[in-house]
Every structure is written in structure tokens, then in C-alpha cells.
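This report refers to the structure that appears directly beneath it.
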There are 4 protein chains.
Amino acid sequence: MSAHRQGPVRSEAARVAVLEATARLFAARGYDHLTMEGIAVEASVSKQTIYRWWPSKGAIVADCLLEGRLLVDSLAPPDNGDVRADLVGWIGEVFGVAERAVGETLLQSVIAAAADNPDVGQRLHDALAVEGSVIDRLQLGIDAGQLAADAPIDELAEALVGALILRALSRKPAEPESARRLVNALLGPTPA
Amino acid sequence: MSAHRQGPVRSEAARVAVLEATARLFAARGYDHLTMEGIAVEASVSKQTIYRWWPSKGAIVADCLLEGRLLVDSLAPPDNGDVRADLVGWIGEVFGVAERAVGETLLQSVIAAAADNPDVGQRLHDALAVEGSVIDRLQLGIDAGQLAADAPIDELAEALVGALILRALSRKPAEPESARRLVNALLGPTPA
Amino acid sequence: MSAHRQGPVRSEAARVAVLEATARLFAARGYDHLTMEGIAVEASVSKQTIYRWWPSKGAIVADCLLEGRLLVDSLAPPDNGDVRADLVGWIGEVFGVAERAVGETLLQSVIAAAADNPDVGQRLHDALAVEGSVIDRLQLGIDAGQLAADAPIDELAEALVGALILRALSRKPAEPESARRLVNALLGPTPA
Amino acid sequence: MSAHRQGPVRSEAARVAVLEATARLFAARGYDHLTMEGIAVEASVSKQTIYRWWPSKGAIVADCLLEGRLLVDSLAPPDNGDVRADLVGWIGEVFGVAERAVGETLLQSVIAAAADNPDVGQRLHDALAVEGSVIDRLQLGIDAGQLAADAPIDELAEALVGALILRALSRKPAEPESARRLVNALLGPTPA
DNA sequence: AAATAAACGAGACGGTACGTCCCGTCTTAGA
DNA sequence: TCTAAGACGGGACGTACCGTCTCGTTTATTT
């Protein structure tokens, strides 16, 4: 007598194969062109196995995001001493990553996934605006005396990332000068 | 002698029927559930007529946006005297509009459309951040002496709208308090 | 060790439903008005299921023919003792069957199908001229001493059926007298 | 004041262009692939002009047939002295013509057209079995004493042409030997 | 060990929508 | 008033995926 179930357990190999296949296809063709059948074939897994563990392609993408398979670490702003300069540089890099993919996908694809699926939205928010990266960098700026001690870093991070997303959506090229203006508008000019 | 082409001219009735049908279905069921066939039926128009003039559903939605059939005027921030209070109220209203639709669609749907289609992205950017509304309201704030004369209103508008989009994507409920914090973070505290 | 493939097996129910629906629609509206979509609906089967197993409507019709779902047995010439009289009667019957359908279809429809699809052509040839019926009846005529022992029954059957087809194509009404002349021309006059 | 109608009369150029285009496309791609739009483009004529004068593609094909634009004169059996040999040779030639086209079309295409359109059927019957050619040749055979004076040439011609059509439909290759057997079966062996 | 049962690959199934082709009718401008 | 050009509503095409459902095989428990 026991609560243990009988039979084989979930295959880790299948789970990983699905996530890897998804990340691969996502990067290559974008969220829209991602299909359950395509993932199944790419992962050499049956559709049933996918549907057994994930309810939708959005859920798989959310898991990929959670495991850091989609947006690479290089998406964390660097720390070279100057908050403003670091953020300006980071913005350029983010767009660079975005444009690496076919067309210009990646960031837009993630946005599409987020618009389609609440989980992805949550994770996107966390990944970009919360879980460290931007907020941490701003905190370091405060510590270094480059920002006011009471700067509302949560809101600033949100606004900064939001502006980035808006630009990605509107396909405005991200010139350094415009990035600089944005950062200055949010953080104020460099103190004397 | 003439460059005029021969034959019947594009049917304005069909054009309008398609845009109206699209706006109707978009509002009712969201961008994802919007289909070319559905539009054709709703508009009592043949699919071929749609494909003759628009390459994709994204393009139709972009035209709707351009003609103001999707985001109603109520999306322009009001002018009751106080920039900050007006913007806070407006944010709530925007999310209210969004949630009016089935599920919680509208804004998210527009974002999905934008992620899917460059034209929609452009128009979204213009409609929300540029063509007046927010920027105009900020300018009025400067005129009223509530904002610094040299406030970078273009960038601030972009950041504000961006933050809104990010929140819509992450499905964070928009409590007034949080809206207030965001506005204060961007515009600075009310001057004495 | 096994060559058995895995997974579900072809649904016999679907196969039969398609053939029955095809036979029904074919008889009712003719080959030209037969459509893949119509068959799918009538058979309550998805189009994909049809295309999975048949490349074209011609192929489905060929299968119907093979299973005797289109040209009923009554198409075999009877044996009432006199070859010539039996064939004359049979010709009238064939045209009668043909005219039962809307317009005057059936035989013409089969011809259209045959012109359209090699398989149908083969089967039509076999069904009418070879696989028994006419040839068998001629053989009985030889056995009964009503035809010369060395009569070239294969060729005669072919010519007889061919003449029928030609008449069907040219929509000449099939009067008994003309049928009699045809039979006499091919089999020679009744021996004394 | 007069009964003459006003305005331009039917354009002979357009009429001929349509028939020529039809014959060209028919020979090149067969009856099934023939389309009204294709004819209009090929003939540099508007669809309306076609529909003004012909009710269907079948009717156009019938007109082509009537003007001898589809089945060339070479389809008349030659006269080299021996009816039987001439007919055997002619059968081979007919199939040769048929197979000249892409796939194997021509004769089959004509049959398809006949099955589709009563007029074409009539004309086909006349062109092949009546209006001379085969019947005339048989008459010459009678005159030459190679056939019985009372041979039922109308019926024999019909049977002969019918057998040809049946073979075309069933895609049986037409070997000379088999053609010879057919001719002998119909005309009887060469008299001593 | 045997029995049991879940997970797996493969893939057939009823559906929905796609984007294209042609139908036959119609509207417009030019000759 | 006939014509070329071509837009229109409609219907069918053949394809791609959806999410569900068998199959037969493989594997891990539990008797």
C-alpha cells in the first residue's frame, strides 16, 4: 500500500529534447512559425508526449525562458563603472541580439509570445525588469553615488525596459544618440 | 492619350466593409482569433478581394489603426489641470479599456498585432507616443509650469507608454498607487 | 523483431464512408460536380483523410468502380437464350440506367472519369468489355451454336462496348432498331 | 430609319483569336487545364468578349472542332487500295497523333470534352464516324469488291471508332497486331 | 518472476484556416 | 455599342497544423 505510482517516470531526455528543439526553432524562425508538430519532429518526440506535459506552445516557450534558453546572459547590463554609459551600451547590445536572428526576430518574437501567453509575459517581466539585471545595475549606480539615493529604481527599470520594447515593436533603429537621450531622460543628467 | 487605367475601380464599399468587420472581430475576439476567412464572412466579401488589397491580417489591422477604428479617442490623456494626476488617471483608463474586451484583450491584442506586423508597430508607436496625445499633454504641463521647461518630453512619453505595454504584457494589475509611483519616477515629484 | 508499424491503423470506417459518399454523389450529380470537399462533408470525414489515401477524385472513383459501387450488376447482359436479342435488350438497358440520373449522366460521367483518370479507364475497360459480362455472353452464344466457333469475341466485345460509348458521347437516342442493326453488323445475321 | 443595329459589329479578329488560342492551349495542356481566363489572356481578349459569344469552354472547343482546328485532316483514313490494311495503318496513326501531345492527351482530351459537352459529342461523332472519312473509306472498299455489297458500313464505322475510343480511354497501347485483329473481326477476313 | 500500468514513438483522425485559382457577372473608359 | 481591363462574390483546390485518439513497445514498480 502506497501512494507511489506504477510504471515509468517522466523521461528527462524527452523534456530536454523538447526545450532544446523549441529554443532552436524559436531562434531560427520566430514564435509565429513555431508549431507543435515542428517541435515534435525536431525533438524526435511524439506530439502526445508534448501535450502530456505542456498545454500550449506558449507554455513551452515560458519554460525555455525560465531555464534561460532564449535570452542569453549577455542580456544583463555590464558594470564598467558608469551607469549611464553602461545602460546606453546595453541597449545597443539588446537590439543587436534582436537583429541577429532572421528578419529581426528574437526580441519581437519574445514579445509576441508574451502577448500570446500570460506565463511568458510574467517571465519576460521578471527576466528583464526584475530578477536582477537592470535593477541591480541601477542599485550599483546608487551605491556609486551616480544616482540619487532615493531613485525609484523599480519604476525606472520598468520604464527603461518598456521603452525598449516599444522601440522593438515600432522597429525604430536604435542609434546610440537616441539611447543616450532616453537614459538621460530617465536618470537625469550626470551629476557634477 | 492618358495614364488612366481602364476597368472598374476599387470598391470603396468593400474596403470599408473589411475594415469595419476587422475592427468588430478584433474588439470581440482579439488578434489571434482574427482570421482572413472570418473577416471575409463578416464583411460579406470574398477572400480574393481581401487578398487583392491587403497582404496579411496585420496589414488590415494597421489600416484600422490608421483610421482610428481600433483605439478610440478616449485614449488621449485628459486635461484637468494637473499633469501628474491626469496621467495617473489616464493609465487606469487605458487598462480599463483593455479589460473591457473578452479575456482582457484589446491592448494585448494590439501588441500582438504589432509584434506580428511592422506597420502595426509603427502606427502603434505613433498613435500612442507621438501623434499628440501623451506628448501634447506633457507639453501642456510644461506650459503650466508643472514640468521643467527643458523636460525631454519625447523620451518621457516613450518611457511612459513603454512601461504601460510592459505591464500589459506581464498582466500586472494596474493599481492607482503603482501608477502614481511610475508617473512620479518619470516626471519627478510635484514642484513646490 | 518485427516489420509491423506502430500506431493506429487505417480506419476502415473512414474508407468505406468515403467510397459510399462518392458513389452517392456521383450517381446524383455526375463526375464533374463531384468535389473533394463535397465528398468530405457527405462522408463526415476530413479532407486530409481523403488526401492521405487518394491522390485525386479520379482515384476514388476508380476504387468505387473496382468495388462495384458504381455500375451495378444489372449491367451484365442477360441470358435468355438468344445472343442477339439479349444484347439488343441489354443495350437498351444500359442507356436506360444511364438516363436514370440527373441530366443523363451515369455512363457519360463514367466516361468523363475515365478520360480524366487512367485507372478509371482501365477499370472501365475491364468492367465492361473483359471481366466477363459481354465476353461471357458471347461465349455462351458460341456454345449454343448461334455464333461461329471461331468468332473473335474479344474484339467483338470491344467494338460493341466502344460503339455504346460513342453513342453515349454523341447523345444519340438508342432506339431498339438501331441497336439491332448494330448487333447484326457485328455478329452477322442469325444463322438459319 | 432602318433595322440595322448600331455600333460596331462582332470583331472577327477577336473570334479567330479565341479559337486559335483555344486550339493552342488545348493541344498543349488538354481539356481539363483549359480555362476561360487562360484563353482570354492567350487571345488578348477580355473575358466578357468570350462570354458574349460562347456560353462555355465546351462550346468554344466545339467550334474549334467544327472548323477543323483540333483534329487534323490526317485523321482521314488513306486510300492505298486495301481497305483492311488502310484501316489498320490509320488506327496506328490516330494513336500516334494522340500520343504526340503532352502526356498522351489529344484524343483523350477530345473525349473529355465530349463527355462534358453535348455539342462536342455530336461533332466528334460526325467528325470521326460520319462526315466521310471512315464511312467513305468503307464505301470505297465495297466499290473495290473487298467488302460485301450489303455491308452495314454505318454501323461498322461506329463500332470501329467506338473501339478506338475505348482503347484510348483504357490506355491500352495500340499494337499493329491488335489493330489487325480488330479490323478483321469487324470486316471479316479478306475474301479469296 | 509475473502482472500491471504509465510513458513513449508513431501517426490516423475530424477539424479550421490558409493562400491560390477560376468561375461567371459586373463596371469603367476608350475606340 | 463593342471592346480590353479588371474588380467583385463565390466555391473548390491542396496544404499545414491543431488537439485528440489509438496503436504496439518499453520500462519501472508492485504483487
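Throughout, a chain's letter reflects where its sequence line sits, starting with A, and its residues are numbered from 1.
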Under-3.5 Å N/O pairs linking protein and nucleotides 3-5 of chain E:
{"residue": "E:dA5", "atom": "O4'", "partner": "A:Gln6", "partner atom": "OE1", "Å": "3.1"}

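The nearest whole Å value for the distance from the CD1 atom in B:Ile50 to the P atom in F:dG10 is 12 Å. Nucleotide F:dA12 holds its C1' atom 15 Å from the NE2 atom of D:His33, rounded to whole Å. One can place NZ of C:Lys57 at 17 Å from P of F:dG11, the figure rounded to the nearest angstrom. Residue D:Leu34 contributes atom CG, which lies 14 Å from atom C1' of E:dC23 at whole-angstrom precision. Straight-line distance from the CE atom of A:Met36 to the P atom of F:dT20: 10 Å, rounded to whole Å. Taking atom CD1 of residue C:Ile39 and atom C1' of nucleotide E:dG14, one finds them 17 Å apart after rounding to whole Å.
In terms of position along DNA chain E, the nucleotide closest to A:Ala43 lies nearer the 5' end than the nucleotide closest to the other residue of the pair C:Glu37 and A:Ala43. Heavy-atom nearest nucleotides on DNA chain E were determined for A:Glu12 and for C:Ala14, and the one closer to the 5' end corresponds to A:Glu12. Heavy-atom distances to DNA chain F give each of A:Ser56 and D:Trp53 a nearest nucleotide, and the one nearer the 5′ end belongs to D:Trp53.
No donor-acceptor pair under 3.5 Å is formed between the side chain of A:Lys57 and the backbone N or O of A:Thr22. With B:Arg29 contributing its side chain and B:Ala27 its backbone, the two residues share no donor-acceptor pair below 3.5 Å.
Interatomic distance, C:Glu42 CD to C:Glu37 CD, rounded to the nearest 0.5 Å: 14.0 Å. Residue B:Phe26 holds its CZ atom at 10.5 Å from CD1 of B:Ile39, rounded to the nearest 0.5 Å. The CG atom of C:Asp32 sits 8.5 Å away from the CG atom of D:Asp32 when rounded to the nearest 0.5 Å. To the nearest 0.5 Å, atom CD1 of residue C:Ile60 and atom CD1 of residue C:Ile50 are 5.0 Å apart. The structure places CH2 of A:Trp54 at 9.0 Å from OG1 of A:Thr49, a figure rounded to the nearest 0.5 Å.
With the end axes of the helix from E:dA1-F:dT31 to E:dA31-F:dT1 each set by five pairs, the angle from one to the other reads 10° at 10° resolution.
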key: B:Arg52/B:Arg10 under side-chain contact (heavy atoms from CB on, under 4.5 Å): CA gap, chis, key distance, verdict   = CA-CA 10 Å; B:Arg52 188 158 21 234; B:Arg10 173 170 187 182; over 6 Å; no

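Checking E:dC8, E:dC13, F:dT3 against the side-chain heavy atoms of D:Thr49 singles out F:dT3 as nearest. Listed nucleotides: F:dG10, E:dG14, E:dG24. Nearest to the side chain of D:Tyr51: E:dG24.
Here C:Ser46 does not reach the OP1 or OP2 of E:dG15: none of its side-chain N or O atoms lies under 4.0 Å away.
For the pairing with B:Arg69, the side chain to side chain contact (heavy atoms under 4.5 Å, CB included) check across B:Asp63, B:Leu19, B:Val61 returns one residue only, B:Leu19.
Side-chain atoms of D:Lys47 come within donor-acceptor range of the base of E:dG24, with a qualifying N/O pair under 3.5 Å. Put simply, the side chain of A:Gln48 and the base of F:dC21 share a donor and an acceptor less than 3.5 Å apart.
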